[in-house]
Amino acid sequence: MEQFKTIEDLREKIKEYESYLARPTRGLSHPTLYRKRDVQEGDVIIKGVRENDWFFSEDREWVLPHDQMGLSFSSNWQHLKGVYKMKEKHNFGASINVYWVLEEVNLPQYMRFMPDEKKKGHFLLTITKSMTLFQLVQKLKMVAYRMSVIKDARKAL
């Protein structure tokens, strides 16, 4: 087993395999689900899912497939650094953890990573088939279980 001291060490190792996708998250928060404290005022959270991230049915019981809507991930250093700084600014004094996964991870059925057409270095974890909100939450928990973490990443970044 190898110990990584910096994100640079990790980046070099990942180059041997494939690309990584990372997601900075406030310490003690879930890597794929939200609580009120994790979002800006006015954002709507439904069972841990931020409404603006997904394409919901009118009754908000179903989540519908959309290639450009889903959970945000950074795929390169510049994007990750920008998102990390934003999280630090909005969570003054709190530690920020970086959760990451390899791009080709074995995702739950009907989920995939799609590059954001508008932002370089940004990917979206999307769905490919309509599912209930409950099913989406279960799948997001499965993704979180498979993610690695760099705790209090300011030391590594």
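- Among residues two or more places apart in sequence or in another chain, the ring pair (Phe, Tyr, Trp, His ring centres under 6.0 Å) test is passed with Phe55 by His66.
- Not counting sequence neighbours, the partners of His30 by the side chain to side chain donor-acceptor pair (under 3.5 Å) test are Thr32.
- Residues Trp54 and Leu71 form a side-chain contact, since some pair of their non-hydrogen atoms from C-beta on lies under 4.5 Å apart.
- Each salt bridge (charged side-chain N to carboxylate O under 4.0 Å, His left out) pair with one or both residues in residues 134-145, not counting sequence neighbours, would appear here, but there are none.
- Checked by atom type and distance alone, the side chain of Ser57 pairs as donor or acceptor with a backbone atom of Trp62 at under 3.5 Å.
- Here the CH2-OG distance, from Trp100 to Ser74, works out to 14.5 Å after rounding to the nearest 0.5 Å.
- Under the rule for a side chain to side chain donor-acceptor pair (under 3.5 Å), Ser148 has no partner lying at least two apart in sequence or in another chain.
- For Arg112, the salt bridge (Lys or Arg N to Asp or Glu O under 4.0 Å) criterion is met by Asp67, not counting sequence neighbours.
- Every residue two or more places apart in sequence or in another chain that forms a side chain to side chain donor-acceptor pair (under 3.5 Å) with Thr132 is listed here: Gln135.
- Under the side chain to side chain donor-acceptor pair (under 3.5 Å) criterion, Thr25 pairs with no residue at all, not counting sequence neighbours.
- Under the 4.5 Å side-chain contact rule for hydrophobic residues, Phe113 and Val83 do not share a cluster.
- Residues in residues 116-136 take part in no salt bridge (charged side-chain N to carboxylate O under 4.0 Å, His left out) pair, two or more places apart or across chains.
- In this structure, the salt bridge (Lys or Arg N to Asp or Glu O under 4.0 Å) partners of Glu51, at least two apart in sequence or on a different chain, are Arg60.
- A chain of hydrophobic side-chain contacts below 4.5 Å, direct or via other Ile, Leu, Val, Met, Phe, Trp or Tyr residues, connects Tyr110 to Phe73.
- Rounding to the nearest 0.5 angstrom, the gap separating the CG atom in Asn97 from the CE atom in Met147 is 11.0 Å.
- Applying the ring pair (Phe, Tyr, Trp, His ring centres under 6.0 Å) rule to pairs touching residues 122-147 yields His79-His122, sequence neighbours excluded.
- Residue pairs meeting the salt bridge (charged side-chain N to carboxylate O under 4.0 Å, His left out) criterion with at least one partner in residues 24-43, sequence neighbours excluded, are Asp43-Arg50.
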